[in-house]
K.L.:
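Let me give you the structure first, and then I'll get to my questions.
Just so it is clear, the structure is predicted and the values come from calculations on it, not from any experiment. Protein chains get the first letters and strands the later ones, always in sequence-line order, with residue 1 at the start of each.
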There are 2 protein chains.
Amino acid sequence: MKNSVPPKAQSKLKAPTIFDVAKLAGVSIKTVSRVINLESNVRASTRERVEEAVEALDYRPNAAARVLSGKRFYVIGLIYENPNEFSYMQKVLNGALKACEAGGYTLLLLPLTLPNPDLIDDVQRFVSQSRLDGVVLPAPLGDFSEIQRLLNELNIPYARITPKTEAGDDLSVQCHDEQASFDVTQFLIEQGHRRLGFIKGDPIHGATEHRYRGYIRALQAAGIGLHSEFVRDGMFSFESGKTAARALLDLREPPTAIVASNDDMAAGTIFEARERGLSIPGDLSVVGFDDTPIASHIWPPLTTVRQPIVEMAEAITSLLIRRLKGEQVEPLDQPFACHVVTRASTGIRAAEDDLA
Amino acid sequence: MKNSVPPKAQSKLKAPTIFDVAKLAGVSIKTVSRVINLESNVRASTRERVEEAVEALDYRPNAAARVLSGKRFYVIGLIYENPNEFSYMQKVLNGALKACEAGGYTLLLLPLTLPNPDLIDDVQRFVSQSRLDGVVLPAPLGDFSEIQRLLNELNIPYARITPKTEAGDDLSVQCHDEQASFDVTQFLIEQGHRRLGFIKGDPIHGATEHRYRGYIRALQAAGIGLHSEFVRDGMFSFESGKTAARALLDLREPPTAIVASNDDMAAGTIFEARERGLSIPGDLSVVGFDDTPIASHIWPPLTTVRQPIVEMAEAITSLLIRRLKGEQVEPLDQPFACHVVTRASTGIRAAEDDLA
DNA sequence: TGAAATAATGACAGCGCTGTCATTGGTTGT
DNA sequence: ACAACCAATGACAGCGCTGTCATTATTTCA
């Protein structure tokens, strides 16, 4: 009940103003203003009537009008030191922020926890309350069809970062994920590995499939057969990586190298290997994806794949902005390139292994 | 030159409007509007004249007026999945965001890289361009006196998260950092350790001194002498932790336990120890601070100190907002409590050690 | 009971811009 | 050289709210 979206009729019609509330409550707009600003000198009965009208119309004060006429801005700034190392979302944030600054736009944030039963309500509230022109949807949010439908209905353009699915008229960025996965797998093969484990990511992310395909292609290119017991499901979390690694290392003939679909799962793999007293890369080589801070801070540091996330986020956001300004924009033609960062978690497979 | 702040006179007077620009350029306001919105049908010479006037007055369009009169909002939303594990800044962001949502305010971000020669210009531009009511300054930004001076001049209230210095009328949050440091050091002592190394943090952070004092107090309480060679400077970075650990482990009689002032430096310490083939916690116990993701993802997982950062950020932001709304607010009376999270990077000091 | 004080409400201007439409100036073609 | 056109510019309303001040109810106290 409380979470339901406003009546459909209003999503097309203009939002109610203070006049509508005043009319419905039978008072002047100034009295409505007093009520919504919690000023004194309003009779309790009047206040109540106004509040009912506000409720009935689902009225929200127009922030711009408030700012323009009043003395307050209703804005808080958060100034912070940009840590020199970033998580994935920090990078996206930075890229989007840059593009917004360059384009004269303001960036507003809606952090969500998934799974979320009220997802659509939350997004709806955010979009209408904050009066947005456009929305950026990093993976996996760009693949929630309910969100896409909502934004389409409200006629709000959106840009997606590494989505899984296509959408017509697509404002989205991709990177050469599959190629990078191919490269990193091939790198392991060149080091002499033949038994290569793979830990998949959360299937909701497009990257999961791309990375898996790169792995398969590299095996094929080297004439190595694909063994299903070497492929395990993961969810991009440390724990899921640990669990998958446990299964792989429990095999009678365990892999000598493991490709984890992100750094957290690679860290989980190393964690699991360490618990078993395995040496890395002596007994097991491990690679990850994303080059997040953890990759360079664990021992041994991870060989991983770096994506230009900041640049990708910046590019797609500025494209979105150009489109909002009325420019006719072409979709990004080229995926961004990724590259392998070689560190100490990978090594040459000892010759003795060939006997096995 | 280009970076200099607008003429002093204007910081008190009202900001120039489109009228001022029009008058100076000798055109109508509509023409100014055309120029700043890059519309067509403006003679090059006119455009130039207007641009000069804009420059001369340092004119910035009033965002609220634009929004109110036009059809655009100049706002982009970024909707993202809140990763289940956060960096320090992510936590601050989440707390501040919560408080803003609850208070009907909007949160705007200014990420900064330090050191920054244009610091004040950047902050000035942010504050005036975004028309903020208040500012949140997480450590170490709350200790930059230039920023404080600027905000005071502009009469913009600010709240600080774990600042080092006091400011009258203080809107700031602290946590029981010293106590936590005492606790974690005492914990190591109880495990039998007597030779305890300490790696300090960046001196610009208040936490650095608090944590160091807790360490000293715990040594005193146990009757253990403070040896200066056991105390090393660090900068809160992984690298600095590694360097400091190297120095400590190079000692003729190295410590059997190391207290690093944050997790990154603790990770650096473990990294260094691993490079030397030391076993943890067998040969060396290590503790960190902050309980960042890395603490639980490295092997062995780190014993560390967790601060309620989200709650702290939320509390101080909502206090700031209440103050902006005109309430008479009291400073937060109690620092927030921290607690030790015990993991596998610490262990009982073997008895043989007593011989040494 | 009536005057003075106070509480509750309303009328209205104006915040700084953009959208619409009217007007002016300049160019082209014949 | 004049009409017919298009480019360049301006006049003005109005976006939705808050601040100011005037007005009208209600209470208080002599």
K.L.:
Can you tell which of D/dT18, D/dG10, C/dC17 lies closest to the side chain of B/Thr31?
P.N.:
D/dG10
K.L.:
A/Phe19 CZ to C/dG10 C1': how many Å, rounded?
P.N.:
12 Å
K.L.:
Whole-Å distance between C/dG19 P and B/Ile18 CD1?
P.N.:
11 Å
K.L.:
With sequence neighbours left out, what residues match A/Leu332 under side-chain contact (heavy atoms from CB on, under 4.5 Å)?
P.N.:
A/Val173, A/Ala315, A/Ile316, A/Leu319, A/Phe336
K.L.:
Which heavy-atom pair separates B/Ala313 from B/Ala96 by the least distance, and what is that distance?
P.N.:
CB-N, 4.1 Å
K.L.:
In terms of the nearest nucleotide of DNA chain D, which residue is placed more toward the 5' end: A/Glu39 or B/Ser45?
P.N.:
B/Ser45
K.L.:
Are any of B/Arg66's side-chain N or O atoms less than 4.0 Å away from OP1 or OP2 of C/dT18?
P.N.:
yes
K.L.:
Is there a donor and acceptor pair closer than 3.5 Å between the side chain of B/Arg43 and the base of C/dG25?
P.N.:
no
K.L.:
Just how far is it from atom CD1 of B/Ile161 to atom CG of B/Leu137, taken to the nearest 0.5 Å?
P.N.:
8.5 Å
K.L.:
So, is B/Asn41 near the phosphate of D/dT9, with a side-chain N or O under 4.0 Å from OP1 or OP2?
P.N.:
no
K.L.:
D/dG19 base to A/Arg34 side chain: any donor-acceptor pair below 3.5 Å?
P.N.:
no
K.L.:
Between the protein and nucleotides 12-15 of chain C, which nitrogen or oxygen pairs come in under 3.5 angstrom?
P.N.:
from: C/dC15; atom 1: O2; to: A/Leu68; atom 2: O; distance (Å): 3.3
from: C/dC15; atom 1: O2; to: A/Ser69; atom 2: N; distance (Å): 3.3

K.L.:
Give, for atom OG1 of B/Thr317 and atom CG of B/Leu97, the distance between the pair rounded to the nearest 0.5 Å.
P.N.:
9.5 Å
K.L.:
Nearest whole angstrom, please: distance from the C1' of C/dT9 to the CZ of A/Arg47.
P.N.:
13 Å
K.L.:
Would you kindly give the NZ-to-C1' distance between B/Lys23 and D/dT9, to the nearest whole Å?
P.N.:
19 Å
K.L.:
Closer than 4.0 Å, any side-chain N/O of B/Ser28 to the OP1 or OP2 of D/dT9?
P.N.:
no
K.L.:
Can you tell me the distance, in whole Å, between the CG atom of B/Asp20 and the P atom of C/dG16?
P.N.:
9 Å
K.L.:
Any idea which heavy atoms bring B/Leu108 and B/Phe126 closest together, and the distance?
P.N.:
O-CZ, 3.7 Å
K.L.:
Taking the side chain as everything from C-beta on, heavy atoms only, tell me whether B/Asp20 gets closer than 4.5 Å to B/Thr17.
P.N.:
yes
K.L.:
Give the minimum heavy-atom separation between A/Val92 and A/Pro138, together with the two atoms involved.
P.N.:
CG1-CG, 4.1 Å
K.L.:
Atom CG of A/Leu57 to atom C1' of D/dG16: distance rounded to whole Å?
P.N.:
15 Å
